[in-house]
Amino acid sequence: VNRRAMATRLAVMVALSGLLPILVVGAIAIEVLRRHSEGEAANGLRAVAEQTAARIDGYLAAQKETLRAVAAAASTSPDADRRLEEVVLEAPALGRVVLVGAATPRSDLPAMLGAEVVARARAGEEISSAIYLAKDFTPALDHCVPAPARPDHAVCASLDLLELWRFVQRIRVGRSGYALAFDAQGRLIASGAGALRAAILTGEPVPESGVAVAVAAGRDPGAPRYAGAGGVEVIGGWARLPEAGWTVVVEQPAIEALRPARTAQWVLGAIALVALGLSIAVGVRQSQRVLAELEVEERWRTAGRIAAGITHDLGHRVAILQQTAGLAESGDAGFLPRIRDNLRSEVATLRKFVADFADLSRDVRSLDLLPLDLDAFAGSVARTAASHAERHGVRIEVLPSEHGAWVRGDRYLLERAVLNLVSNACEASPRGGAVRIAVTEVEGQASVAVEDEGSGIDPERLPRLFDAFMSTKRTGAHVGMGLANVKRIVDAHGGTVSVESALGRGATFRIALASEAPPAPAAAPRTRTSPGAA
Amino acid sequence: VRPTPFLAIAALVACSRPAAPGRFVLRLAVPGILGPVRPGSDTNASAATDLVFESILSPDASGRARSTIARTFQRLGSDRYRIELDPRVRLSDGSPVEFDDVARGAAVMGVKAVRDGDAIILDSGGRPIEPLLYYSTPFREAGVHRLGTGPYRVVEEGQSRIALERVVPAPGRIQQVEIAACANDRDALARTLRGETNGVFGLEARLAEFVDGIPGLRVVRGPGPHVRVAMFNQARVSAADRRRIAGSLPWEAIARHACGDGAMPSVASMALPDGPPLSIVAFDESQPVRLALALRRALRGRGGAVQRLDVTEYLRVMSAHEFDVFVGQLLAWPPPVLALSFSRGGLFNYTNFSSPEIDAAFARGDAEAARAAIEREAVVVFLCPRERVGAFDARIRNASFGRWGVLDTLPDWEVGP
């Protein structure tokens, strides 16, 4: 495995395992922050609405107080009508001011107050009309106060509420927040949102009218987040003008009101990403360094294991050769057969020793993959191993698959692997026993199993059986590289090698590879061993 | 070579050309019934007539007379003009303007046209002719619609809708004008605020700030030809009394406070001549009433009752001379139009005002002298100009009002993206 890739995997794994909990906690914190922000925004808007309501209330109260003062000052004057009529010059907001008595013609009464209502004012009660639009479409409100020291008379004014519009239109919250004012029936009477002003003229309801009606009626209008004009999500705050029964709603697009929380989300997200990136970058560097150190250490450890194996095995060989040399030096001709056998045996052992090392040095990453008929392949392996089996007094049996089994593989390397298993099986089996090479194909997987009749493998050895230099045979011909090579070769083919064993009942090694369909007839002869060779 | 592939490629290339920029349509909301677009129409179609027809004379920015249809124009007397038509001027169907077209337009205002070789003599029959020529627009009856020399032609005209189209397309300018009839002023404004139309005018000045800040709209303000005035009734207030009263009152202070929106402090007047209280009539609108009340306060003991009038009462009161002082508005720009109100037989001279000096000045064509005489004789005190207020599509870069016709400058309005 590429050291850099492994280091990256390690670093990402460590970084993610460290950051994920932080991100989860951060996400929870952000949600809490968002909800808190929504509440805070609504509270802020409610405060603005209350201030606005208070100022409108104060303005109306001031106009009414002015009217009372005017009534007190002018109503007893002999030219009261004229003086009151000219009040508008000093107090334009009072509009038209008239002295109303029982004989006042209906045409001179305030536009929105009938004679019966004005009669209550003449009787001593202050009365107001609903807010309405005057002839020039500006808002107005008729108000009558009793005329002091003038029995059965009232002073009425058509209060000019243009200032109400100005005041409401001037209110801005953030960049896009605005104020709206409604009468008790939920009709819009002033709007800081230009898009809603047509409703002031037409009296048509706006989305916030429902909120205004609920507030005016003293009911809970619901959540402070709702769909405002044009379906835009807004956060609103409201306040009621107790005397007039009007409602002030101040709202701000939610997207704007919650911008700080959203910014925090982005910042936190960005920080998490940067932290992740930094963690990975640092982790990769550190992992590479650690892996390099591990690799060096492992290399020395491997070299030690190899040296121990070689020392042991070559020491054994040297001892035998030394002994053989002693026999030769004795000059006794009777030793010649033994000397010959010793030398032949040791040469064979050393040759295998060299072959194992040659396998170890072979690069299994560059495979020559071709279609391979496993049944024919098993027969070929059996023939190759026949002489070795014969020396150990065992026979080799080939059990071909039921319907044929084809794989794509490097014939030479696979043969080295299977021969190794067969060779081990021959050595493990008792004389007169049998070694079976069985080929199967089940559901897209082809396998070659090598089964012996030996004493089986100690279960403690099984987990590290395929590690290099782990042989415990120590017969002098094994340095423990055979099964490690088998695994290397099978891994390179994308397959698996496994072993099943029970003490006293032999062992079965199985190489499993992905099967494939037999090649077209023209291609098949390339690797197929001629039939009947086994 | 087979032509089919080339034709296909040519067709693809043609289809891939960028689309022509959209035709900007100005949709105006106008209160009342519209009716046919014709010179002299007394319906609310006047916004359309200003764009379809051009008058024989019109005031330039400085108030001097000019003509867009006459190559030369010459004043022959108080009631006669000689003009030579500009042969380059065309009606909206491309045909040249002829004598009959001029005569037809002049006749609407009671002006007679007579051929004089290649020229035309226009005769108003004793009345000051300049103001009448400001309203005389050559036109031709052509099937359903009337043709004029203005920059737009009529495409559709009805009581509820008028559609105009620019005669010569101009990129970046308004190509079409649609005028929609609305139930009343409030409806017209509401429709514009809702975006159903993108232009409205004739708003009260106090509404400007209400419209300001509406997305997609821009408030436009500008002076018009009308002026707020205080007019004395010549028949009931003597010239001497008028002059003394006019000379005693702080008109500037009255105008400054009453034409604005603020409070008016007490104003000091000089000694006023003795006499009976003067009855004051005023249009029943905020500003005239404030002016009337301010005037009455300044008149102190001579200030009488203030009567508020609507338009129909106004005509009756004027004709019956039932007032001493009228506070309202007057068509006062350019100066020659004052002849309509202050010359004998003037179109708007509802009080039959008559002054030899003023008539003589108008007859000489010296409108400035006539105005000076009007002020000297204290017939009228000019107080403050009446502002035109409207709101138009914010994509129009340079929307403004004409000083004379309200939409005179519309053909030059530039439309942004």
Side-chain angles (χ1 to χ4, degrees), chain A residues 66 79 81-98 107-108 111 132-140 158 160-172 176 178-179 188-204 206 229-230 232, chain B residues 182-197 203-217 219 254 257-258 260-267 277 283-287 289-298 300-301 303-306 308 310 389 391 394:
Chain A
T66 305
D79 59 346
D81 287 329
R82 178 169 171 158
R83 286 184 61 188
L84 289 172
E85 196 176 17
E86 289 175 12
V87 162
V88 69
L89 296 175
E90 282 87 13
L94 286 189
R96 187 180 184 187
V97 183
V98 290
S107 60
D108 285 352
Y132 65 95
L133 294 183
K135 279 194 292 189
D136 63 357
F137 310 147
T138 55
S158 300
D160 180 350
L161 296 185
L162 189 63
E163 191 60 28
L164 168 72
W165 275 3
R166 290 181 180 139
F167 186 62
V168 170
Q169 286 177 207
R170 273 200 297 266
I171 292 172
R172 279 281 168 270
S176 322
Y178 49 81
L188 189 63
I189 55 176
S191 168
L196 295 178
R197 278 184 214 151
I200 297 174
L201 299 179
T202 61
E204 62 199 1
V206 296
V232 177
Chain B
C182 302
N184 48 43
D185 291 321
R186 184 186 295 200
D187 183 37
L189 180 55
R191 288 181 69 172
T192 306
L193 296 184
R194 277 199 299 259
E196 295 166 15
T197 54
L203 302 179
E204 285 292 327
R206 277 157 56 89
L207 279 178
E209 55 193 303
F210 178 66
V211 179
D212 205 17
I214 304 284
L217 285 181
V219 175
I254 292 172
H257 294 292
D261 213 15
M264 179 181 174
S266 296
V267 289
F283 278 148
D284 191 12
E285 294 170 7
S286 167
Q287 203 176 68
V289 167
R290 282 164 55 80
L291 276 170
L293 293 173
L295 174 60
R296 182 175 72 180
R297 173 176 287 180
R300 290 177 291 183
V306 171
R308 300 162 195 244
D310 62 22
V389 179

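So you know, we letter chains A, B, ... as the sequences are listed, proteins then strands, and number each from 1.
Counting only heavy atoms from C-beta outward, the side chains of B:E285 and A:D136 never approach each other to under 4.5 Å. Here the side chains of A:Q169 and B:F210 are in contact, with some heavy-atom distance below 4.5 Å. With contacts defined as side-chain heavy-atom distances shorter than 4.5 Å, the pair A:T138/B:E204 does not qualify. Counting heavy atoms from C-beta on, the side chains of A:R96 and B:V289 never come closer than 4.5 Å.
Residues B:A190 and A:T202 share a closest heavy-atom pair of CB-CG2, 3.5 Å. In terms of heavy-atom proximity, A:A195 sits nearest to B:P215 at N-CD, 3.7 Å. Considering all non-hydrogen atoms of both residues, B:G303 and A:R82 come closest at O-NH1, 2.6 Å.
One finds the CG atom of B:L189 at 5.0 Å from the CG atom of A:L201 (value rounded to the nearest 0.5 Å). The CD atom of A:E85 sits 11.0 Å away from the CZ atom of B:R297 when rounded to the nearest 0.5 Å. Atoms CZ and NZ, from B:R186 and A:K135 in turn, are 13.0 Å apart once rounded to the nearest 0.5 Å.
Salt bridge status for B:R206 with A:D160: present, with a side-chain N to carboxylate O gap under 4.0 Å. One finds no salt bridge joining B:E209 and A:R170 here, because no Lys/Arg side-chain nitrogen approaches an Asp/Glu carboxylate oxygen to under 4.0 Å.
Contacts of B:V211 with chain A are made by backbone atoms alone, with heavy-atom separations under 4.5 Å and no side-chain atom involved. Only the side chain of A:I200 comes within less than 4.5 Å of a heavy atom of chain B; its backbone N, CA, C and O stay farther away. Looking at B:L207, the atoms closer than 4.5 Å to chain A (heavy atoms on both sides) all sit in the side chain, from C-beta outward. In this structure, chain A has a heavy atom under 4.5 Å from the backbone of B:D212, while its side chain stays farther away.
Partners of B:A188 under the side-chain contact (heavy atoms from CB on, under 4.5 Å) rule, at least two apart in sequence or in another chain, are B:A29, B:P31, B:C182, B:V200. Partners of B:R191 by salt bridge (Lys or Arg N to Asp or Glu O under 4.0 Å), not counting sequence neighbours, listed by chain and number: B:E196.
Taking A:A93, A:A198, A:A199, A:A134 one by one and counting their heavy-atom pairs under 4.5 Å with chain B, the maximum is reached by A:A198.
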